[in-house]
Amino acid sequence: MSQRKIKNIFVTGKIDPAFIGDSIAKHSSKTAIGGHSIFMGQVRRDELDGKFVSAIEFTSYEAIALEKMNLIREEIFDKYPLNCLHVHHSLGLVNAGEICLFVFCSSAHRKPAIDACAEIVERLKAELPIWGKEIFEDHTHQWKENN
Amino acid sequence: MSQRKIKNIFVTGKIDPAFIGDSIAKHSSKTAIGGHSIFMGQVRRDELDGKFVSAIEFTSYEAIALEKMNLIREEIFDKYPLNCLHVHHSLGLVNAGEICLFVFCSSAHRKPAIDACAEIVERLKAELPIWGKEIFEDHTHQWKENN
Amino acid sequence: MEIDIISFGKISEFIKNQRVDITGISDTDALKIYLEKTFPEISQMKYKLALNENLIQQNTQISGNDLVAIMPPFSGG
Amino acid sequence: MEIDIISFGKISEFIKNQRVDITGISDTDALKIYLEKTFPEISQMKYKLALNENLIQQNTQISGNDLVAIMPPFSGG
């Protein structure tokens, strides 16, 4: 499954729930699909010493991130019988409560979509050069760490 | 986690992608959530001997289905640290390409939402008295079987 | 003694909802034998019973006017 | 020999993008020693290098005008 065009996964700011709804609607013409699995990351209003996170500012080394995501995409398509795979990640400021990651996998039967979606989320967090800066309400910040 | 009110999971006809988008949007005020996992079932235009499925007609023994789903919901809340859990299933006719099942789990961190969502889909298919009648374009039918 | 029978899915195509006299039958194990004799199609397939809106997991007493549901394997989702 | 250094995330707060003279350094292993001496903060933390937009997995030759990126652990998603 080589030579797929490199897609841009990045969007500026939050990912709008209406965009997600529209993305789901677009799959109604793909009548070989029987199951869709979606993961979304949402910015938490975490507390640290009485201060609350008001937003996360995401930055990336985009050239490497897009190439790496393209490789992950190819490996996932080789491993699972997927009909569709869409990945969107925010750059810039995303407020608490807003969505910063949207992974959408579709397949004829449920299991490949579910397994592929979970695997992409893990790989994306571990392998893509993206950084989140947690901005507190008092404008101080700390750098997000993935577990 | 007992004494949750029994919720009605059934909707007549397809589940609209815009409803799903709205449902996602409603979670922006729940700022303890960090991850959402969604599964959707979509009616496939399967072929059998040259005939294609045009729709599935769903029926249920609703009293038992709702009570069973309530029990599953309580067991899932006991097992996973979820913030939210929503389940919607179609009754009546759902055309090929339309969505007939929508399971939506949310938690502070991604793993409980992802695991709970997958487990609910498995249990719902195995344990809820719901039947799908696959209607072909020539108005003949066969009864759906889950694997 | 009479009970009400309802059926679902594929089984509803050959067992209509009806009231039946099951005099002499007092539990669900005996009822199954009666049903498979009366409706031979179900003896060829998997099915489950519900009694008064409860899924039957083990042999259970039946009383007059009980509601028995005959259900093929579930196929929701 | 001069190369360009860029940095990301937390590391960008104390290593600004800059052109540095690394005469005598010919590979990424040697460059790491140079960087940790020049910027002691990174010797206390995990970081990765990229050379000309490729993640460095093993020791790699460096040439003049190469672009080296210094990156803290990823935290996307």
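Naming: A, B, ... by sequence-line order, numbering from 1 per chain.
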Taking the side chain from [X] and the backbone from [Y], do they hold a donor-acceptor pair closer than 3.5 Å?
| X | Y | value |
| --- | --- | --- |
| B:S54 | B:I135 | yes |
| A:N83 | A:A108 | yes |
| A:S60 | A:P129 | yes |

Heavy-atom proximity to chain B below 4.5 Å, by part of [X]:
| X | answer |
| --- | --- |
| A:V121 | side chain |
| A:A32 | backbone |
| A:F52 | neither |
| A:I99 | side chain |
| A:S29 | neither |

Top residue by heavy-atom pair count (under 4.5 Å) with chain A, among [options]?
| options | answer |
| --- | --- |
| B:R110, B:H109, B:E47, B:E98 | B:R110 |
| B:I114, B:I33, B:D22 | B:I33 |
| B:K14, B:K111, B:E122 | B:E122 |

Problem - Side chains of B:K30 and B:S106, donor plus acceptor under 3.5 Å - result: no

Practice task
Measure from the ring center of B:F104 to the ring center of B:H36 and say whether it is less than 6.0 Å.
Solution key: yes

Problem - Heavy-atom pairs under 4.5 Å with chain B, option from A:G41, A:G21, A:G34 with the top count - result: A:G34

Handout entry: Contact summary for A:V53 and A:R45, nearest pair of heavy atoms
Key = O-CG, 3.4 Å

Completion exercise
Heavy-atom nearest pair, B:L85 first then B:R73, reads O-NH1, 3.1 Å

